[in-house]
2 protein chains.
Amino acid sequence: MLIKDILNPSMTFHINDMLRIESTNDRFLGPGRIELLEKIIETGSISQAAKLMGMSYKKAWDSIHSINQQTVTPIVITQAGGEKGGGTIVTDEGKLLIASFKQLHADIRLYFSEKIETFLQS
Amino acid sequence: MLIKDILNPSMTFHINDMLRIESTNDRFLGPGRIELLEKIIETGSISQAAKLMGMSYKKAWDSIHSINQQTVTPIVITQAGGEKGGGTIVTDEGKLLIASFKQLHADIRLYFSEKIETFLQS
DNA sequence: TCGCGTTATATATTTGCAAATATAACGTTT
DNA sequence: AAACGTTATATTTGCAAATATATAACGCGA
């Protein structure tokens, strides 16, 4: 008896490989927050980054606020008011987090793709 | 610059290691459905299994209906009416799915625990 | 034929969360 | 001091998902 003979062949199965790092009772990093941080680097602004992603400003702000609260070193630094009305930058620590997360994610996706393959063919 | 010096040391971080196997546009197997199948084996009944898990009967029924629709061989066989009012059994194919899923889940949890360790200490 | 406990299914209600909206505060520029 | 675009925060609205409720169908046994 084989797994592949049980599953409906007209359907394609996959593992949900979204990597999410969480702390005790809050989310920390996931694909969405990583993309948001990258868009903030591009635009220098939370509101513009949110708009670029089709995300509400509130959700974007909540996300970066959540991230900052879970680190000792700030990941983003915001300024309300000032030239161009203000803005937001991602710190070097933030950029390190982004790079490390993406590497970890790539590793896990690879491992998953191997595992699901053997599972579905077993 | 190190990840572990960025993160708040008063918080414990972990990877969300819930394994979910999905098809094109429906869930297939996750920890909840696995537990439900196991409780059905124990009790011989969807309703009793649901009650044991604190799950509504509708959600339980929807879950097993969804599973059965994604396989060519039925995973559970239900009977409405009959002695004791009816009942539900898990087929050998269902038991194979449970065992394979748990093995896969264990492998992934191990891999994750190694990965998150190096990530958090890097 | 009725009762029983179960599966099967529809409908209504509630709840939680995402989105939208509104407003305040901020600090440079003019 | 007024304008501007941004961050910051509260409030309201809308919607989807979970839950609850109700009812039907099923088939054996008394």
Side-chain angles (χ1 to χ4, degrees), chain A residues 16 18 20 22 25-33 35-71 74-91 94, chain B residues 16 18 20 22-23 25-71 74-91 94:
Chain A
N16 181 355
M18 288 298 148
R20 302 189 180 287
E22 310 168 338
N25 47 3
D26 194 7
R27 281 180 256 181
F28 182 55
L29 280 185
R33 291 184 174 190
E35 184 183 351
L36 178 63
L37 288 173
E38 290 178 325
K39 295 263 188 295
I40 289 174
I41 292 176
E42 284 175 39
T43 61
S45 150
I46 294 178
S47 61
Q48 286 182 47
K51 190 170 299 179
L52 227 54
M53 290 181 66
M55 179 186 287
S56 70
Y57 172 79
K58 175 175 170 28
K59 181 174 180 182
W61 188 89
D62 284 347
S63 296
I64 68 100
H65 182 69
S66 159
I67 293 172
N68 265 355
Q69 276 198 328
Q70 297 179 71
T71 58
I75 299 309
V76 308
I77 295 176
T78 60
Q79 184 188 3
E83 63 175 344
K84 290 187 283 182
T88 299
I89 63 164
V90 174
T91 64
Chain B
N16 181 354
M18 289 298 147
R20 303 190 180 285
E22 310 168 339
S23 68
N25 46 5
D26 195 7
R27 281 179 256 180
F28 182 53
L29 280 184
R33 290 185 174 191
I34 291 294
E35 185 183 351
L36 177 62
L37 287 174
E38 290 178 326
K39 293 265 188 295
I40 289 174
I41 292 176
E42 284 175 39
T43 61
S45 151
I46 295 178
S47 61
Q48 287 182 45
K51 190 169 298 179
L52 226 56
M53 290 181 66
M55 178 187 288
S56 70
Y57 172 79
K58 177 175 170 27
K59 182 174 180 182
W61 188 89
D62 284 348
S63 296
I64 69 100
H65 181 70
S66 159
I67 294 172
N68 265 353
Q69 275 197 329
Q70 297 179 70
T71 57
I75 299 309
V76 307
I77 294 176
T78 59
Q79 185 189 2
E83 64 175 343
K84 289 188 285 183
T88 300
I89 63 164
V90 175
T91 63

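Below, all heavy atoms of this structure are taken into account, side chains as well, without hydrogens, waters or symmetry copies. We name chains A, B, ... by the order of the sequence lines, and we start the count at 1 in each one.
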#### Entry: Listed partners of A:Glu22 passing salt bridge (charged side-chain N to carboxylate O under 4.0 Å, His left out), at least two apart
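So A:Glu22 forms no salt bridge (charged side-chain N to carboxylate O under 4.0 Å, His left out) with any residue.
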
#### Entry: Partners passing salt bridge (charged side-chain N to carboxylate O under 4.0 Å, His left out) against A:Glu42 (at least two apart in sequence or in another chain)
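By the salt bridge (charged side-chain N to carboxylate O under 4.0 Å, His left out) rule, A:Glu42 matches no residue at all.
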
Filtered N/O pairs between nucleotides 26-30 of chain C and protein, under 3.5 Å:
residue, atom, partner, partner atom, Å
C:dC26, O2, A:Gly81, N, 2.9
C:dG27, O4', A:Gly82, N, 3.2
C:dG27, N3, A:Gly82, N, 3.3

### Task
For B:Ile41, enumerate each residue passing the side chain to side chain contact (heavy atoms under 4.5 Å, CB included) test, keeping only those at least two apart in sequence or located in another chain.
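B:Val90, B:Lys95, B:Ile98.
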
Might you list the N or O atoms of the protein lying below 3.5 Å from N or O atoms in nucleotides 19-23 of chain D, with each pair's distance?
none

Expressed as a whole number of angstroms, how long is the span from [X]:[atom1] to [N]:[atom2]?
X: A:Ile77; N: D:dA8; atom1: CD1; atom2: C1'; answer: 17 Å
X: B:Ile89; N: C:dT7; atom1: CD1; atom2: P; answer: 12 Å
X: B:Tyr57; N: D:dA24; atom1: OH; atom2: P; answer: 16 Å
X: A:Ile40; N: D:dG5; atom1: CD1; atom2: P; answer: 20 Å
X: B:Ile46; N: C:dT6; atom1: CD1; atom2: P; answer: 11 Å

#### Entry: Main-chain N/O of B:Val76 paired with B:Thr91 side-chain donor or acceptor, under 3.5 Å
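Flag not set: sc B:Thr91 to bb B:Val76 has no pair under 3.5 Å.
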
Would you mind reporting whether [Y] and [X] have side-chain heavy atoms less than 4.5 Å apart?
X: B:Trp61; Y: B:Thr78; answer: no
X: A:Ile77; Y: A:Thr88; answer: no
X: A:Pro31; Y: A:Arg20; answer: yes
X: B:Ile67; Y: B:Leu37; answer: yes
X: A:Leu36; Y: A:Ile46; answer: no

With 3.5 Å as the limit, what N/O pairs link the protein to nucleotides 12-17 of chain D?
none

Has [X] got a side-chain N or O lying under 4.0 Å from the OP1 or OP2 atom of [N]?
X: A:Thr78; N: D:dA8; value: yes
X: B:Trp61; N: C:dA8; value: yes
X: A:Ser47; N: D:dG5; value: no

Hey, can you pull the donor-acceptor pairs under 3.5 Å for the side chains in residues 47-60 of chain B, sequence neighbours left out?
residue, atom, partner, partner atom, Å
B:Ser47, OG, B:Ser45, OG, 3.0
B:Ser56, OG, B:Lys59, N, 3.2
B:Lys58, NZ, B:Asp62, OD2, 2.9

### Residues in side-chain hydrogen bond (donor to acceptor under 3.5 Å, both in side chains) contact with A:Ser66, at least two apart in sequence or another chain
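A:Asp26, A:Arg33, A:Gln70.
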
